[in-house]
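Note that these values count all heavy atoms, side chains included, but never hydrogens, waters or copies made by symmetry. Order of listing sets the numbers, starting from 1, for every ligand and every atom in it.
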Amino acid sequence: MRSTGKLHLGNYVGALQNWVGMQDTYECYFFIADWHALTTDYADTSQVKRNSVEVLLDWLAAGLSPERSTMFIQSHVPQHAELHLLLSMITPLGWLERVPTYKEQQENITGKDLSTYGFLGYPVLMSADIMMYKGDFVPVGEDQVPHVELTREIARRFNQFYKFRGQAVFPEPQALLTPEPKLPGTDGRKMSKSYGNTIMLTDPEPVVRQKLKTMVTDPARVRRTDPGNPDVCPVGDLHKIFSDKEINDKVNLGCRSAGIGCIECKGWAADSLVKILNPMQQRRKKYEDNPRLAWDILEAGSAKARQVASSTMSEVREAMSMSLNYEGDGRT
Ligand code: SF4
């Protein structure tokens, strides 16, 4: 996850919630991609470190656990940069220009010059991030599948060129498609910081209730007596994700028959959100009160990641005839 600062509900349902569940099934590595943040926000790096810590605090709040997973910060494992460099040597330019997010982001992100070497090459860095840990699976949403596909191609190409003691160095990772329920922001568009329509994991209860009050609803419900449809209402979408069956039944019946008003319905949605956010905020507070604790978790995770990365890079270097070991005069 990029070091974008505090996370919102969209980040939670789109990724974090799945990751929390995966900890019991897989050996997981989660990292804060501060170098990736630089590919689009390179001009001002003053907030990068602070933003990384905020992401970690939200991870811990949501239930990622340092006892069960390795959490680290990308730039603290410099081997990622070395592998990125080596992979960039074997990655054809056309593969990168074809990555769908490359053109999309260049068109959509205005006000920044993204015609940089780093921006074009960030999928190679992403491949290095995955391959470093010989990941079998990468939990991604639909839009990230091309990146995993590219990683498979790069791994395959590397394995064709170089062998470590006769064996392939890298497995070809698979995308593990994670559910991405539709989560609208308060204006009905996809929840995103750039739209200013987010509900943050750190929003206190009064703020959540206030944001819900101004949330857009089914436009067909102009008056209290007009029936509506929760399937076309952003508040209805929130209920589907966060409210239990009993509430959803009440919303369905009440909305379609104009038996309830939107204010009442939004109050129930706020109740459901607060029920989920409250325990997270309590967990977060423990680390906010002692930020050193959070930093130590990142450092311990980064140390473990460096160990694994160093072992992978020994294999890579040997496979590419660049090991640090003395090997006679180079002819043996
Ligand atoms: S009653 Fe609820 S689901 Fe129906 S339009 Fe109003 S806010 Fe949306």
Less than 6.0 Å separating the ring centroids of [X] and [Y]?
{"X": "His84", "Y": "Tyr122", "result": "no"}
{"X": "Tyr133", "Y": "Phe72", "result": "yes"}
{"X": "Phe31", "Y": "His76", "result": "no"}

Residue that, paired with Ser127, satisfies side chain to side chain contact (heavy atoms under 4.5 Å, CB included) out of Thr91, Ile154, Val148: Ile154

If the condition is side-chain hydrogen bond (donor to acceptor under 3.5 Å, both in side chains), which residues does Thr186 pass it with, not counting sequence neighbours? none

Report the distance from atom CG of Leu201 to atom CE of Met280, rounding to the nearest 0.5 Å. 5.5 Å

Which protein N, O or S atoms lie under 2.8 Å from atom 6 (Fe) of ligand 1, given by chain and residue number? Cys262 SG

